[in-house]
Amino acid sequence: MFKPKILFIGPSKSGKTVLANFLSDTTESVGGEYRPTQGVRILEFESQPEGSSDNKTCEVELWDCSGDFKFESCWPALMKDSSGVVIIFNPDVPSHLKEIEMWHSMFISSQGLQDNQCLLLSHHKPGNGIEDGQLPLASNLSRLPLIHFNLEEEPEDVRQAFCRYLGSVVNTMSESREREEMSIIT
C-alpha cells in the first residue's frame, strides 16, 4: 500500500494545524489559543481513502506547513516527493483569496501536480456561517475541487471530503506506479 505525503499549505491563521490535528486524531478539542506553526509539523496516521482501487486503510504523512514567509527557504525540501497538496484558507479574510494564488504557484504549478492531487479547503470560522457560493478565484484555482467547511459545526463532513480526496491521490499514485512498471517491462 502507498504512504501518501500530503502538504497542508496556505496563509497564516487559516486553520491548517487545527484541521491537521482533527484529521489525525491528535487532539479532541477544536479552538483554543493561536500558536503559529514553526516551519513544519509532520503527523502520521492511518486513514481510509474513499474510492481508492483497493479500499484498504493507508498510512498518511500529513505535513502541516507554516504559512509564514520567513520559512520560504524550506519550501523546496517540503515539496520533495509530495503526493498531494491541500490549500487551506479563510474566505472571510480578503488577503487570503489573493495569497492562495501564490501558494498554488509555488507548491502546485512548480511540481506539475494534477488537479486531482490538489484540494482547496475554505475554512469558515465559527459564527460566520458557511456559504457554498462562488468565490472570486483565479482561473487556475477554479479548476480545483473546493470544499467549504466549519470544523465546529460539521466536523465529519470535512473528514469525509478528505478521505475522498485521499482516495483520488492514492489512485493517482497507483496509476503512476503502473505506468512506471509498464515502461520498465516494455
Side-chain angles (χ1 to χ4, degrees), residues 1-32 34-52 54-68 71-72 74-90 96 99-100 103-104 106-108 110-111 113-125 144-152 154-174 176-177:
M1 188 60 181
F2 299 100
K3 184 177 185 177
K5 174 183 174 180
I6 307 294
L7 304 182
F8 270 22
I9 62 169
S12 294
K13 297 184 179 181
S14 58
K16 298 179 296 293
T17 297
V18 172
L19 182 59
N21 287 343
F22 171 74
L23 292 173
S24 65
D25 291 323
T26 302
T27 184
E28 295 290 321
S29 63
V30 175
Y34 175 73
R35 287 188 311 242
T37 300
Q38 300 299 308
V40 67
R41 294 172 54 239
I42 302 170
L43 303 166
E44 293 184 276
F45 61 98
E46 289 188 354
S47 185
Q48 179 81 33
E50 209 175 283
S52 66
D54 60 9
N55 270 339
K56 292 182 182 171
T57 299
C58 73
E59 252 188 82
V60 177
E61 256 186 38
L62 199 156
W63 291 49
D64 174 18
C65 305
S66 172
D68 192 329
F71 298 107
E72 187 174 0
C74 301
W75 292 352
L78 303 180
M79 289 186 272
K80 184 175 175 15
D81 299 325
S82 64
S83 314
V85 172
V86 178
I87 301 176
I88 301 163
F89 66 100
N90 180 347
H96 281 197
E99 205 175 313
I100 61 175
W103 289 101
H104 180 274
M106 293 291 296
F107 281 82
I108 296 172
S110 67
Q111 292 188 85
L113 293 177
Q114 299 173 26
D115 290 349
N116 64 347
Q117 292 174 275
C118 308
L119 182 63
L120 288 175
L121 290 178
S122 176
H123 184 198
H124 296 265
K125 300 293 169 110
L144 302 179
L146 169 64
I147 307 294
H148 294 268
F149 76 99
N150 178 321
L151 264 184
E152 289 190 5
E154 302 287 341
E156 290 310 311
D157 287 356
V158 73
R159 188 184 305 274
Q160 286 180 324
F162 180 78
C163 288
R164 282 192 302 274
Y165 162 72
L166 194 56
S168 177
V169 169
V170 168
N171 284 338
T172 299
M173 293 171 73
S174 177
S176 177
R177 179 180 283 172

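Along the sequence shown, residues are numbered consecutively beginning with 1.
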Given side chains that start at C-beta, do those of [X] and [Y] come closer than 4.5 Å, heavy atoms only?
X    : Y    : result
I9   : M106 : no
I87  : C118 : no
Y34  : K13  : yes
K16  : T37  : no
V170 : C58  : yes
F162 : L19  : no
P49  : V169 : no
H96  : P11  : yes

From [X] [atom1] over to [Y] [atom2], what is the distance, rounded to the nearest 0.5 angstrom?
X    : Y    : atom1 : atom2 : value
E152 : H124 : CD    : NE2   : 14.0 Å
K80  : Q111 : NZ    : CD    : 11.0 Å
F8   : R41  : CZ    : CZ    : 10.5 Å
F45  : T57  : CZ    : OG1   : 11.5 Å
D81  : K3   : CG    : NZ    : 12.5 Å
E46  : D25  : CD    : CG    : 11.0 Å

Which heavy atom of [X] sits nearest to which heavy atom of [Y], and what is that distance?
X   : Y    : answer
F71 : S66  : CD1-OG, 3.4 Å
E50 : R164 : OE2-CG, 3.0 Å
I88 : S14  : O-OG, 3.2 Å
L78 : L7   : O-CD2, 3.5 Å

Report task. Take S122 and L146 through the test side-chain contact (heavy atoms from CB on, under 4.5 Å) and record every step on the way to the result. Result -> CA-CA 7 Å; S122 176; L146 169 64; 3.9 Å; yes
**Report entry** Donor-acceptor pair, side chain of Q117 and main chain of S83, under 3.5 angstrom
**Finding:** yes
Report task. State plainly whether the residues E61 and K5 are in salt-bridge range, i.e. N to O under 4.0 Å. Result -> no
**Report entry** Intermediate values then yes/no, side-chain contact (heavy atoms from CB on, under 4.5 Å), I108 and D115
**Finding:** CA-CA 9 Å; I108 296 172; D115 290 349; over 6 Å; no
Query - Qualifying residues under side chain to side chain donor-acceptor pair (under 3.5 Å), relative to E156, sequence neighbours excluded - result: R159
**Report entry** Steps toward side-chain contact (heavy atoms from CB on, under 4.5 Å) verdict (D157, F149)
**Finding:** CA-CA 8 Å; D157 287 356; F149 76 99; over 6 Å; no
Requested in this report: Sequence neighbours left out, what passes ring pair (Phe, Tyr, Trp, His ring centres under 6.0 Å) with W75? Give chain and number order.
Outcome: F69, W103, F107
Query raised in the report: In terms of side-chain heavy atoms, does S12 have a donor or acceptor partner in D68 at a distance below 3.5 Å?
Result: no
Query raised in the report: Going through the checks in order, is the side-chain contact (heavy atoms from CB on, under 4.5 Å) test met by I6 and Y165?
Result: CA-CA 10 Å; I6 307 294; Y165 162 72; 4.0 Å; yes
